[in-house]
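The structure presented is a predicted model; accordingly, all values stated were derived computationally and were not measured. A, B, ... follow the sequence lines: proteins, then strands. Residue 1 opens every chain.
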Number of protein chains: 2
Amino acid sequence: MNAGRTARERARAELTEEIKTAARQQLATVGAEALSLRAISRELGMVSSALYRYFASRDELLTALIIDAYDALGAAAEAAPSGGDPVDDWIAVYAAVRDWARANPQEYALIYGSPISGYQAPQTTVQPASRVPLLLLGLLQRAQASGRLVTPPDAPSPSGALAQQTEVLVALAPDVPPAVLVRTVIVWTQLFGMLSFELFGQLVGSMDPADEFFASASRQMAAFVGLS
Amino acid sequence: MNAGRTARERARAELTEEIKTAARQQLATVGAEALSLRAISRELGMVSSALYRYFASRDELLTALIIDAYDALGAAAEAAPSGGDPVDDWIAVYAAVRDWARANPQEYALIYGSPISGYQAPQTTVQPASRVPLLLLGLLQRAQASGRLVTPPDAPSPSGALAQQTEVLVALAPDVPPAVLVRTVIVWTQLFGMLSFELFGQLVGSMDPADEFFASASRQMAAFVGLS
DNA sequence: ACAGAAACGAGAGCAGTGCTCTTGACAGTG
DNA sequence: CACTGTCAAGAGCACTGCTCTCGTTTCTGT
């Protein structure tokens with residue numbers, strides 16, 4: 001539909017991409033909340049008001065960057081080496097997520113740090129945001145099919161409202177037992193809690209550098225959800 | 001030593017506290033990075049430059065707020081009801097931390113969200129920051145003494161660099177086995193990952209509201225470190 | 001008790017920000 | 001060719017953190 005019809009449209013798409021690239025560069029150096037439209041326009045040799053032809057506001061630019069970041073992280077996680085062994089695959093996903101986060105700390109902070117004040121994330125971000133959890137769920141679903149997922153005996157089956165909330169995940173991975181699905185959410189939060197602590201400097205003084213701790217946690221979390 | 005010697009010193013301490021209170025109010029409404037010295041000064045009926053007599057920079061004010069937030073969270077966690085049963089106490093600490101975070105989301109974001117751009121946390125913050133982990137370690141140490149801590153059989157003992165890093169924790173809780181100490185760091189990161197996801201809106205669409213999920217996770221994490 | 005030092009609030013000013021509005025130039029279509 | 005919509009440019013608004021100077025108040029050493 002919009003595959004570069006007129007010269008105008010092509011130029012517009014190109015410049016939009018250039019703006020995002022410049023914004024990402026500035027993001028990497030000064031951080032998210034210090035991102036300045038004027039600085040971006042200066043970098044591109046244009047005037048600040050011209051940017052508003054491409055992004056209606058600073059928030060809209062941020063939204064585009066957030067979606068791009070989620071997509072980049074999702075792509076990095078999905079590109080993790082998959083050798084077939086569920087535990088190894090699980091650990092590879094963890095490592096890929098960590099590698100991407102360490103390589104793009106500001107973009108990581110953009111999506112998993114504190115929300116930007118006055119900024120409301122639009123619905124458009126939730127689909128790219130769910131790529132990593134979906135990847136983990138798919139991995140568990142396949143492991144279950146191949147008999148490599150053994151529900152831990154001490155994993156309590158959810159009841160009440162928790163069981164109801166788990167239904168959303170059951171629809172995505174129907175063969176994975178609800179008790180494991182709850183644990184999946186637990187380890188999902190653990191993964192990003194661990195990464196945030198490492199990147200935001202909370203581990204300094206204890207588990208920093210975090211390579212070995214991360215490796216141990218990955219493996220223990222794989223066992224925690226029942227992978228073997 | 002500095003218990004209000006001269007009138008000047010008393011006035012200074014009072015005004016310093018007033019500034020922080022006004023800053024906290026503004027923090028709660030507009031967020032951390034939108035915190036404006038001019039707005040604070042306006043609120044207090046003084047001129048912006050006068051604030052610089054009390055805080056050398058915006059960063060210094062932020063540091064004071066960060067330390068206060070860590071201390072408030074630490075105090076809230078330490079004030080959790082302690083009935084003697086280790087599992088119940090553990091869950092009570094979790095609940096107290098969550099309650100404080102939900103009651104003070106902006107202050108939570110200030111200390112556990114993305115670091116503020118261009119802001120370097122000084123060494124002064126690490127001691128208040130470690131109150132919650134120290135509390136958990138103390139709980140485990142006491143549970144161990146009363147035989148309520150059973151090292152999980154599948155918890156791997158750390159080796160290599162990880163074992164060395166664990167030494168810091170061994171010094172704090174000498175009776176707790178290293179394997180449990182590593183798991184303590186894991187659950188510590190899980191707790192704040194879970195809280196960040198809840199507060200920053202990452203759970204919307206799955207485990208939100210998170211009350212039951214949080215309760216289940218607290219209990220499962222207590223079991224994960226070996227409490228019984 | 002009193003002079004000097006230190007601390008203080010007020011105000012002006014600098015360089016920067018996001019964003020709006022108007023103006024004039026250009027490209028695409030009839 | 002003329003019309004229409006898109007574009008970059010620039011001025012301007014209200015705001016920010018921060019610095020400097022000013023006259024005043026408060027503390028302190030003698």
Side-chain angles (χ1 to χ4, degrees), chain A residues 1-20 22-23 25-27 29-66 110 115-120, chain B residues 1-20 22-23 25-27 29-66 110 115-120:
Chain A
M1 187 135 136
N2 48 6
R5 268 256 308 267
T6 74
R8 257 256 238 294
E9 281 175 1
R10 264 183 288 119
R12 184 179 179 83
E14 234 170 75
L15 199 43
T16 305
E17 211 48 53
E18 272 182 50
I19 292 171
K20 287 203 285 185
Q25 280 175 4
Q26 208 192 324
L27 196 70
T29 60
V30 301
E33 77 254 22
L35 196 146
S36 151
L37 293 186
R38 289 177 121 106
I40 295 171
S41 69
R42 241 179 281 130
E43 184 107 0
L44 295 176
M46 51 198 323
V47 95
S48 70
S49 55
L51 288 189
Y52 287 83
R53 303 280 181 193
Y54 298 88
F55 296 96
S57 68
R58 187 172 175 273
D59 278 10
E60 200 169 281
L61 213 197
L62 280 175
T63 299
L65 293 178
I66 286 172
L110 189 62
I116 291 130
S117 156
Y119 171 81
Q120 186 74 6
Chain B
M1 188 134 135
N2 49 2
R5 269 258 306 272
T6 74
R8 229 216 203 32
E9 281 174 1
R10 262 183 290 116
R12 182 180 181 84
E14 235 171 75
L15 199 42
T16 304
E17 211 48 53
E18 272 183 49
I19 293 171
K20 288 202 287 184
Q25 280 175 4
Q26 208 190 324
L27 196 70
T29 61
V30 301
E33 78 254 19
L35 195 147
S36 150
L37 292 187
R38 287 178 121 108
I40 295 171
S41 69
R42 243 178 283 131
E43 183 106 3
L44 295 177
M46 51 200 321
V47 96
S48 73
S49 57
L51 288 188
Y52 287 82
R53 302 281 182 194
Y54 299 87
F55 296 95
S57 68
R58 186 174 175 273
D59 278 10
E60 200 169 281
L61 212 197
L62 280 175
T63 298
L65 293 177
I66 286 172
L110 188 63
I116 292 128
S117 155
Y119 171 80
Q120 185 74 5

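With sequence neighbours excluded, the residues that form a side chain to side chain donor-acceptor pair (under 3.5 Å) with T63(A) are Y119(A). In this structure, the side chain to side chain contact (heavy atoms under 4.5 Å, CB included) partners of S36(A), at least two apart in sequence or on a different chain, are Q26(A), R38(A), A39(A). Take A13(A) and apply the side chain to side chain contact (heavy atoms under 4.5 Å, CB included) test, not counting sequence neighbours, and it matches no residue. Checked against side chain to side chain contact (heavy atoms under 4.5 Å, CB included), Q25(B) has the following partners two or more places apart in sequence or in another chain: T21(B), E43(B). Scanning for side chain to side chain contact (heavy atoms under 4.5 Å, CB included) contacts around R12(A) gives T16(A), Y54(A), with sequence neighbours left out.
Looking at L35(A) and I40(A), their side chains come closer than 4.5 Å, going by heavy atoms from C-beta outward.
Nearest heavy atom pair, residue F55(B) against residue I19(B), reads CE1-CG2, 3.7 Å. Here the closest non-hydrogen pair linking L27(B) and A32(B) is CD1-CA, 3.4 Å. Considering every non-hydrogen atom in both A64(A) and K20(A), the closest pair reads CB-CD, 3.9 Å.
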Could you write out each protein N or O paired with an N or O of nucleotides 4-8 of chain C at a distance under 3.5 Å?
from   : atom 1 : to     : atom 2 : distance (Å)
dA7(C) : O4'    : R8(B)  : NH2    : 3.4
dA7(C) : N3     : R8(B)  : NH2    : 3.3
dC8(C) : OP1    : R12(B) : NH1    : 2.8
dC8(C) : OP2    : R12(B) : NH1    : 2.6

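Here the C1' atom of nucleotide dT22(C) and the OH atom of Y52(A) are 16 Å apart, to the nearest Å. Distance, Q26(A) CD to dT17(C) C1': 12 Å, rounded to whole Å. Regarding L61(A), its CG atom lies at a distance of 15 Å from the P atom of dT17(C), rounded to whole Å. In this entry the distance linking CD of E60(A) with C1' of dG18(C) reads 14 Å, nearest Å. Rounded to whole Å, the distance from CZ on R38(B) to C1' on dG16(C) is 11 Å. When rounded to the nearest whole Å, the span between CG of L35(A) and C1' of dG16(C) equals 15 Å.
Between S36(A) and dG18(C), a side-chain N or O to OP1/OP2 separation shorter than 4.0 Å is present.
Where A56(A) and V47(B) meet DNA chain C, the nucleotide closest to each residue was compared, and V47(B) sits on the side nearer the 5' end.
Base engagement by S49(B) is indicated by at least one non-hydrogen atom pair under 4.0 Å involving a base atom.
Contacts between chain A and DNA chain D, taken as any atom within less than 4.0 angstrom of a protein heavy atom, begin and end at dG5(D) to dG12(D).
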